[in-house]
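Source: prediction; values computed, not measured. Below, read A as the first sequence line, B as the second, and so on, with proteins coming before strands; counting in each chain starts at 1.
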Amino acid sequence: EPEVTQTPSHQVTQMGQEVILRCVPISNHLYFYWYRQILGQKVEFLVSFYNNEISEKSEIFDDQFSVERPDGSNFTLKIRSTKLEDSAMYFCASSEMSRWYFGPGTRLTVT
Amino acid sequence: GENVEQHPSTLSVQEGDSAVIKCTYSDSASNYFPWYKQELGKRPQLIIDIRSNVGEKKDQRIAVTLNKTAKHFSLHITETQPEDSAVYFCAASINQAGTALIFGKGTTLSVSS
């Protein structure tokens, strides 16, 4: 069964640094998403992406965040200048219509 | 925007008992309601979902019920087993791809043998 994949599994960065989290969605899916989960809390929606455009974004997704589909398979989340509070698990997801499939996550630790 | 409330936050049952987790949602336009199971350090896994044209759906030991009038839906697990222990999240969405899936805060289910 095809799965969403993410790299790296764990990223440690210093405050103020830029990070790029990478995802490979399921190949025939057209809708892509980023979610985050702070330790012990619920999964929070960040952004959705379709046809090379942002479809919807939450209040969390401010100017520090950006998304890109640089080629036919990858989907990336960039955080320009990381803050301590960006430490979380970041999940990529893709969907066919309205069934979401999540990747294994990237644990981001900002020190 | 949509807001999903989930109760209880923790639930402890004995193996073989039933477990029920309840969620309410605020946006009457929501019509897709999935449930995810998340084991420690792993991705959320879809276990069952229901759409608004259906009142109940069952898959072996798992069932979900939906009351659109009251805006609440519930997950029922029968004959619980220790491997059912995990965090369970309900979620709600308008049935359109590209829109946000809004999660509840999760229920930590512990099944003791």
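Ion pair B:D27/B:K71 not flagged as a salt bridge, since none of the NZ, NE, NH1 or NH2 atoms sits closer than 4.0 Å to an Asp/Glu carboxylate oxygen. A salt bridge between A:E44 and A:K42 is absent, with no side-chain N of the basic residue lying under 4.0 Å from a carboxylate O of the acidic one.
Residue A:C92 holds its SG atom at 4.5 Å from CH2 of A:W34, rounded to the nearest 0.5 Å. Taking CD1 of B:I102 as the start and CZ of A:F45 as the end, the distance is 7.0 Å to the nearest 0.5 Å. Distance check, rounded to the nearest 0.5 Å: OH of B:Y88 to CD1 of B:I62 gives 6.5 Å.
Contacts between residues 75-91 of chain A and chain B, counted as heavy-atom pairs separated by less than 4.5 Å, involve A:M89, A:F91. At a heavy-atom cut-off of under 4.5 Å, chain A is reached by B:F103, B:G104, B:K105 from residues 103-113 of chain B, listed in order of number.
Counting only N and O atoms by type, the side chains of A:H10 and A:T109 include a donor and acceptor under 3.5 Å apart. The closest side-chain donor-acceptor pair between A:S95 and A:Y101, if any, does not fall under 3.5 angstrom. Between the side chains of B:D49 and B:Y32, a donor-acceptor pair is found at a separation under 3.5 Å.
The closest donor-acceptor contact from the side chain of B:T80 to the backbone of B:D17 lies under 3.5 Å.
Under a hydrophobic-cluster definition in which Ile, Leu, Val, Met, Phe, Trp and Tyr are linked whenever side-chain heavy atoms come within less than 4.5 Å, directly or via other members, A:Y31 and A:I26 are assigned to different clusters. The hydrophobic clustering, which links ILVMFWY residues whose side-chain heavy atoms are closer than 4.5 Å, places A:I20 and A:V110 apart.
Listed options A:Q37, A:R107, A:Q41 were ranked by heavy-atom pairs under 4.5 angstrom with chain B; first place goes to A:Q37.
Residue contact with chain A, scored on non-hydrogen atoms closer than 4.5 Å, involves the backbone and the side chain of B:P44 alike. Neither the backbone nor the side chain of A:Q6 comes within less than 4.5 Å of any heavy atom in chain B. With a 4.5 angstrom heavy-atom cutoff, B:Q38 touches chain A only via side-chain atoms. Only the side chain of B:L46 has a heavy atom closer than 4.5 Å to any heavy atom of chain A. If you measure heavy-atom distances from A:F49 to chain B, you find no contacts under 4.5 Å at all.
Between A:F102 and B:Y36, the ring-plane angle classifies as perpendicular under the 30° and 60° cut-offs.
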